[in-house]
J.: 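Below: one structure in C-alpha cells.
From a predicted model like this one, the values you see are computed outputs, not experimental measurements. In what follows, chains are A, B, ... by sequence order, proteins preceding strands, each numbered from 1.
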Amino acid sequence: ADPLVAYLVGLGDDALILAQRLGEWITRAPQIEEDIALGNIALDLLGQARVLLSHAGEVEGAGRDEDALAYLRDEREFRNVCLVEIPNGDFAVTMARQLVFSAYQYELWTALRNSTEPLLADLAAKAVKEVTYHRDHATQWVLRLGDGTDEGHRRMQAGLDRVWPYVAELFAADDVAAQLPGVAVDPPSLLAPWTAYVEDVVARATLTVPTPTWHSRGGRRGLHTEHLGHLLPEMQHLHRAHPGARW
Amino acid sequence: ADPLVAYLVGLGDDALILAQRLGEWITRAPQIEEDIALGNIALDLLGQARVLLSHAGEVEGAGRDEDALAYLRDEREFRNVCLVEIPNGDFAVTMARQLVFSAYQYELWTALRNSTEPLLADLAAKAVKEVTYHRDHATQWVLRLGDGTDEGHRRMQAGLDRVWPYVAELFAADDVAAQLPGVAVDPPSLLAPWTAYVEDVVARATLTVPTPTWHSRGGRRGLHTEHLGHLLPEMQHLHRAHPGARW
Amino acid sequence: MRFDRMIADEVRIEPRDWMPEGYRRTLIRQIAQHAHSEIIGMQPEGNWITRAPSLRRKAILMAKVQDEAGHGLYLYSAAETLGVDREELLDLLHQGKQKYSSIFNYPTLTWADMGAIGWLVDGAAIMNQVPLCRCSYGPYGRAMVRICKEESFHQRQGFEILHTLSHGTPAQKAMAQDAVDRFWWPSLMMFGPPDSASTHSAQSTAWGIKRFGNDELRQRFVDMTVPQADVLGLRIPDPDLRWDEATGHYAFGAIDWDELDRIIRGDGPCNAQRMERRRTAHEEGAWVRDSADAYARKHAAAATTTSDAA
Amino acid sequence: MRFDRMIADEVRIEPRDWMPEGYRRTLIRQIAQHAHSEIIGMQPEGNWITRAPSLRRKAILMAKVQDEAGHGLYLYSAAETLGVDREELLDLLHQGKQKYSSIFNYPTLTWADMGAIGWLVDGAAIMNQVPLCRCSYGPYGRAMVRICKEESFHQRQGFEILHTLSHGTPAQKAMAQDAVDRFWWPSLMMFGPPDSASTHSAQSTAWGIKRFGNDELRQRFVDMTVPQADVLGLRIPDPDLRWDEATGHYAFGAIDWDELDRIIRGDGPCNAQRMERRRTAHEEGAWVRDSADAYARKHAAAATTTSDAA
C-alpha cells in the first residue's frame, strides 16, 4: 500500500471520528454556547477529514471518494488513533480528550506547514488557525473546571485520568510516517512541545498529570477499542442501506 | 398487503425489538442471576420472533426469510408497538416495561391458543408457558423494588411513569386484526384482564398506577419513536455490510 | 402619548423607550417562545447528525443546527433588552410554563425529514417571520432580519435534499414522499389557529408586532409551496387541494385542529422526549456552569487583588 | 493422615472433610479465578449480541453468554463450599485483588472473533479443564464435568462460525483469518508460563488439583488444533510451525511472554474497560439488590408474624 495514502487516511480518520463524537454532544451541551462551540470544532475537523480523505482517494486512484472511505470501510480498515473513538463521558472527559488532541494537532499541523506535499502544507496553514482555537477552547475549560468548584476539580481530574492512557499512542513511532520523510511528521518529535504546553495547563488548573498503568496501541494498524464497532454502524448505516445512491 | 402477513410481522417485531433491548442488558445486570434471567426472556422472545417472521415470509411468498425481514427492512417498515423500542433506562424502567409487556403477551398468547391459524395456535401453546415465567419474573421485581427500600420505591414508581404512556397503544383497535376474525385477537379485548392483573401487582407493590398526559400511537403503522432509528443500525449493520452472505 | 405616536409613525421602539406593560409582556412571551423554538428545534435535526448519509450533508446539517442555537441566543438577547434574563426564560421553559412551536414535537423518522423540515417547516417559519423584521420593537426586528436570512438558506438546503431524493432511487423518492406526507399538515398548523379562533391578534396588530392574520400567511405559504412540490415531483397529501381560478389561490382541505390541540396539551409524540432532553442537558451541565462561575469569581477577585497591589 | 490417604487413593475430598489450610486456600484462589473468568469472559462475546448477523447466530450467542454466567454461578457455589461467599469473591475481583484469565483483555473487533473465541479460546479452556473434572476436590470436579460438556458444545459452535466464514465471501474469509491471527498466540498463552517458570505447580500436582504441566497441555492443544485449521482452510500465524516426525508433535515458534506479563500487569487493551464494566454493573445494581433484600426481610418478618398469629 502507498504510504502517502495510509498517512492521509490516518490523519483523516482521526478528524472524522472525533467530529462524529463531538457531533453527539449537540443538543446535550452544558450551555447553548457550548452546543455552538463543539459544533464549530466538529465542523472544522469534518472539513479536515474531507480534504484528507478526498486526497487519499485521489492518490490511491481506485475511484474511492471521501464518502466511499468514510462510509464503506469496516472497523479494521480505519486508521485513527484510539483516543478519538472513546465515548464522550461527561463534559470533563470530553474536554480532557480535546486538550490532548487539540494540543497534539496544534503541533502536528504547525510542523506540516513545511510538508513537501502541497496539499498537506496548504491544509496545515488553514488547520493551524482552526486548531489554535480548539486548543484555546479546551484550555479555558480545563482551567475553569480544574480551578473552579471542588466537583469541577474532581471531575476534571477524573477526565484526565480517563483519557491519559490514550496519549502515548499519539506519539508512538509510526512506520508509515517513517516512509515519508519531508512529507510526514515523525510523531515522537511532537511529544516535547506537546508536553510543555499540556503540563503547563494541567498545573495551572491545579490538576495532576496522570501516570497511567496501561496504554492504548495499534489504532494506526486498525486495532481499535471495542467502542469504534458501535460508532461505525450509526455513522454508516444509512449510506450503506442505499448502495450507490447519491445524497 | 395480506393482513395475515402484517399481523405476523407486528407480533414478530414486538418480540424481536424487545429481545434486542433485553440483549443490551447482558453483562450489565444488577446481579448475575439477572444476566441469566434477562437472557432467558430475550431468548424466548427471539424464538417467538423467528417463528413469526419466518411464517410471515412464507405466507408473503416473496422469498423473504426471518433474516431478510429482521435485517433488511427500514425503520418505517417495522410494525412493533413503540413500547418495546424505548431505551432500557435503569432496572426499574426495564422491569416496568417487562410487567406491561409480559402481562399483555400473557393475555395475547392465551387468546391466540384458539386461533384458527394453526401456526399461531401452536406457537401460542408454547409461548403462554414462556410468558407466564416472564410475567412472574417482572411481577416479583416490581414487588421487590416497589415494596423494598425507599430508593427502590421511588425508582420503581418513576419506571412505571416512564412506561405508562406506551400502554394504550397495546390495546388500541387495529385494522389488521379486524380483518382476521378467528385468526387474530382484537387488542381492546385484552385490556380488562391485563388491567386487573397489572393493577393488582402495582397495588401490592405499594405503587400508583400512572395517569399519563400523553400516549404513544402508530407503531403498527410504522410511526415509531426516534429511538428505533438508533437501535436498527446497530442490529442490522453487519448483516447489511455483507450483502447476500451466509452466516 | 409618545409610544402611540411612535407606533403610528412606524418608528421603532428601543429598550430605553417607555412602553406599556402589556406590550413588554407580549413581546417577552413571543420572543421567548420563539427562542425556545430555536433551541428545542435543534433536537429533531440533531437526531440525524451522527447518521447523515454523506460527509457534505453531515457538515451542512451540523452547521444548520448550530445556526439554530445561534438564533436562540440572538433571541434570548433581544428578550433580555426587555428586562428578563436567559436563565429565567430557560427555567420557564424547563418548568413547562413557556411554550415552543408544536412542530418540533413530531419525530424525525428518516433522513428525508431533514429535507421536509427545511423545505416546509423553515418555509412556514420564514413566512411567519419576514413580517417580524418590521416589528415595532427594534431589537426583535433586527434579530429577525439576521435570522430570516439564514432561514431562507436553510429552506433552500431542505428543498435541495428533497430534490436529490426525489430524483434518486425509488427508495429515496418514497422516503421523500413519506416525509412530505408526515410534515405537510403540521406545517400548515404552524400558522396557528384560524383567525376566527385566535386570541391576542388584534392587540398585537395594533402594536405593530403582528402584521398579517394567521389564515392569510397560511394561504401565502400554500400558494408558494404547491408549485415547488411540482418541481420536486412530490405529491401534497391533500385530496382537496386545487387551484381556484376565482380567488387566485389554492384551495385546501380542512386542518385537523384537534391534533394541534392535543399536541399543545402535551400529547404529541415527542413532547416528553424533547423536554426531557433539554432538562437533562441543563441539569447535567449545572456542575460545569457552576465551576466556570467559581473560576470567574476567583480570577476576578485575583485580578482585583493584583491591581490593588499595583 | 486421612487427607493424604484420600489424595493418594484418589478418593474425593468433600466439604465436610478435613483439609490442609494451603489446599483450601489454593482451591479458593483457583476456583474464584475460574469463576471470575467466566463472568468477565461474558463481555467480549456480549459485545456482539446486539450485532449478530443472523437471528440464529444471535440466539446461539446469547445462549452461550448465558451459559458462561451459569458457569460462573456453579463455580462461585463450589468456592462457597470452602467457606467464602460470592459477595466476598466479587469484592476481591472488583478491587483487583483476584485475577481472571488474561485472554479476556483482548477486544472483539469483528464477528469472526466469536468464532475464534469459540474455537481457540474455548478449545484451550477445555484442554485445561478436562483434567480438572478429576480434581481431588469433589464440588470443583463435579462443576467442571458440567462445564466441560457445555464448553465443548461452544467450541463446536465457534468452529462452525469460522467454517461458515472461511467458506463464505472473500471478505468473510479475510475476517476469519484476521481473527485467528489475533487470537492464536493469546490462546497459547492461556496455558500459563512455561513449566520452568511456573509457581504453585508442584504442590497443586501433589494435591491432585493439577494433573499435567502447562507445556504438555499447550502441546496437546497445538497438536489438536493445527489439523482443524486445515479443515477450516485457515492459516496458523506462526512461520515456525511444522510437523516434527521425531517427536510426533507440532513444533511451534517462541511465545512473546512479555506480552502476557504486560497484560497481567494491567496493560492490556481491555483490562480497564472490563473491570469498569463489571464494577459499574455491580455499583449501579446496588440499589436493586438492597431493595430486594429489604423486601425479603420485610416479608420474612410478615410471614413470621402471620405464623405466630396462627
Side-chain angles (χ1 to χ4, degrees), chain A residues 16 19-40 42-43 46-47 49-50 53-54 66-67 69-71 90-92 95 140-141 143-153 155-156 231 234-247, chain C residues 35 38-40 42-59 61-63 65-70 72-73 76 86 90 110-111 161 164-165 167-169 171-172 175 274 277-278 280-299:
Chain A
L16 174 64
Q20 179 75 4
R21 282 290 186 222
L22 292 175
E24 294 172 9
W25 266 107
I26 296 172
T27 73
R28 293 178 171 88
Q31 52 194 35
I32 298 165
E33 285 81 354
E34 286 308 303
D35 282 310
I36 296 177
L38 294 171
N40 264 327
L43 274 168
L46 191 54
R50 294 180 64 191
L53 294 179
S54 293
E66 60 182 46
D67 287 334
L69 285 166
Y71 290 96
D90 68 9
F91 193 68
M95 284 304 114
Q140 294 308 318
W141 274 113
L143 292 173
R144 285 187 200 118
L145 299 180
D147 192 21
T149 60
D150 290 347
E151 183 177 11
H153 184 85
R155 287 194 188 231
M156 193 63 236
L231 179 150
E234 169 125 352
M235 184 172 92
Q236 298 180 333
H237 179 76
L238 176 60
H239 184 94
R240 291 196 186 222
H242 297 264
R246 286 190 334 102
W247 299 96
Chain C
E38 295 284 356
I39 299 306
I40 298 289
M42 296 166 67
Q43 291 183 34
E45 289 166 295
N47 185 37
W48 282 89
I49 287 176
T50 55
R51 294 178 288 167
S54 73
L55 297 186
R56 176 172 157 264
R57 290 290 180 199
K58 190 190 285 282
L61 182 61
M62 225 188 262
V65 174
Q66 231 187 349
D67 283 347
E68 288 160 0
L73 290 184
Y76 286 124
R86 195 215 300 184
L90 280 175
T110 75
W111 169 253
I161 287 174
T164 305
L165 293 175
H167 294 79
T169 66
Q172 286 178 305
M175 194 192 279
R274 301 287 183 241
R277 165 74 62 86
R278 185 86 269 291
T280 303
H282 195 74
E283 286 162 15
E284 291 186 350
W287 70 271
V288 174
R289 297 189 302 276
D290 289 347
S291 195
D293 290 347
Y295 178 85
R297 278 194 307 274
K298 209 181 279 191
H299 288 263

J.: Between C/Leu165 and A/Trp247, is there a side-chain heavy-atom distance shorter than 4.5 Å?
T.: yes

J.: If you count heavy-atom pairs under 4.5 Å with chain C, which of A/Gln20, A/Arg155, A/Arg246, A/Gln140 comes out on top?
T.: A/Arg155

J.: So what's closer than 4.5 Å to chain A heavy atoms on C/Ile40: side chain, backbone, both or neither?
T.: neither

J.: Is it the backbone or the side chain of C/Arg56 that comes under 4.5 Å from a heavy atom of chain A, or both, or neither?
T.: both

J.: Under 4.5 Å from any heavy atom of chain C, what part of A/Arg21 do you find: side chain, backbone, both or neither?
T.: neither

J.: For the candidates C/Ser291, C/Ala171, C/Ala281, which exhibits the highest count of non-hydrogen atom pairs separated by less than 4.5 Å from chain A?
T.: C/Ser291

J.: Identify the two heavy atoms, one from A/Arg144 and one from C/Ala292, that lie closest to each other, and give their separation to 0.1 Å.
T.: CD-CB, 3.6 Å

J.: May I ask you to name which of A/Glu24, A/Gln236, A/His239 has the most heavy-atom pairs under 4.5 Å with chain C?
T.: A/His239

J.: What is the distance from atom OG1 of A/Thr27 to atom CD of C/Glu45, rounded to the nearest 0.5 Å?
T.: 11.5 Å

J.: So which of A/Gln31, A/Glu34, A/His242, A/Glu33 has the biggest tally of heavy-atom pairs under 4.5 Å with chain C?
T.: A/Glu33

J.: Counting heavy-atom pairs under 4.5 Å to chain A, which of C/Ala296, C/Ala286, C/Ala69 comes out on top?
T.: C/Ala69

J.: So, for A/Pro30 and C/Gly285, which heavy atoms are closest and what is the spacing to 0.1 Å?
T.: CB-CA, 3.5 Å

J.: Where on C/His167 is there a heavy atom nearer than 4.5 Å to chain A: the side chain, the backbone, both, or neither?
T.: neither

J.: Examine whether an atom of A/Ala241 lies under 4.5 Å from a heavy atom of chain C, and if so say whether it belongs to the side chain, the backbone or both; otherwise answer neither.
T.: neither

J.: What part of A/Ala70 is in contact with chain C, defined as an atom under 4.5 angstrom from a non-hydrogen atom: side chain, backbone, both or neither?
T.: side chain

J.: Compare all side-chain heavy atoms of A/Asp35 with those of C/Gln66 and state whether any distance is below 4.5 angstrom.
T.: no

J.: Would A/Leu16 and C/Leu55 count as a side chain to side chain contact (heavy atoms under 4.5 Å, CB included) here? Give the steps.
T.: CA-CA 9 Å; A/Leu16 174 64; C/Leu55 297 186; 3.7 Å; yes

J.: So which part of C/Arg57 gets closer than 4.5 Å to some heavy atom of chain A, the side chain, the backbone, both or neither?
T.: side chain

J.: Below 4.5 Å from any heavy atom of chain C, which atoms of A/Asn40 appear? Answer side chain, backbone, both or neither.
T.: both

J.: If I measure from the heavy atoms of chain A, does C/Ser54 come under 4.5 Å with its side chain, its backbone, both, or neither?
T.: both

J.: Within the structure provided, determine whether A/His237 and C/Arg51 are in side-chain contact (heavy-atom separation under 4.5 Å).
T.: no

J.: Taking ring pair (Phe, Tyr, Trp, His ring centres under 6.0 Å) as the definition, give me every residue that meets it alongside A/Phe91, ordered by chain and number, with sequence neighbours left out.
T.: A/Trp25, A/Trp141

J.: Looking at A/Met95, A/Met235, A/Arg50, which one has more heavy-atom pairs under 4.5 Å with chain C than the rest?
T.: A/Arg50

J.: At a heavy-atom distance under 4.5 Å, which candidate from A/Glu151, A/Met156, A/His153 has the highest pair count against chain C?
T.: A/Glu151

J.: CD1/C/Ile49 to CG/A/Leu22 distance, rounded to the nearest 0.5 angstrom?
T.: 11.0 Å

J.: So A/Ile32 and C/Arg86, do their side chains get closer than 4.5 Å, heavy atoms only?
T.: yes

J.: If you compare all heavy atoms of C/Met62 against all heavy atoms of A/Gly39, which two are closest, and at what distance to 0.1 Å?
T.: SD-O, 4.1 Å

J.: So which residue, C/Ile161, C/Asp67, C/Leu73, C/Asn47, ends up with the most heavy-atom pairs under 4.5 Å with chain A?
T.: C/Leu73

J.: Counting only heavy atoms closer than 4.5 Å, note whether C/Glu284 contacts chain A via side chain, backbone, both or neither.
T.: neither

J.: With a 4.5 Å cut-off on heavy-atom pairs, point out which of C/Gly72, C/Gly46, C/Ala52 contacts chain A the most.
T.: C/Ala52

J.: Quick check for you: to the nearest 0.5 Å, what is the distance between C/Thr50 atom OG1 and A/Leu238 atom CG?
T.: 10.5 Å

J.: Show the nearest heavy-atom pair for residues A/Leu43 and C/Ala59, with the distance to one decimal.
T.: CD2-O, 3.3 Å

J.: Among C/Val288, C/Asp293, C/Thr164, which residue forms the greatest number of heavy-atom pairs with chain A at distances under 4.5 Å?
T.: C/Val288

J.: Could you pull out all residues at least two apart from C/Trp287 that satisfy ring pair (Phe, Tyr, Trp, His ring centres under 6.0 Å)?
T.: none

J.: Which pair of heavy atoms, one from C/Ala294 and one from A/Gly148, lies closest together, and at what distance?
T.: CB-C, 3.8 Å

J.: Given the rule in the salt bridge (Lys or Arg N to Asp or Glu O under 4.0 Å) test, do A/Glu66 and C/Lys58 qualify, once you have shown the distances and angles that lead to the verdict?
T.: CA-CA 12 Å; A/Glu66 60 182 46; C/Lys58 190 190 285 282; over 6 Å; no

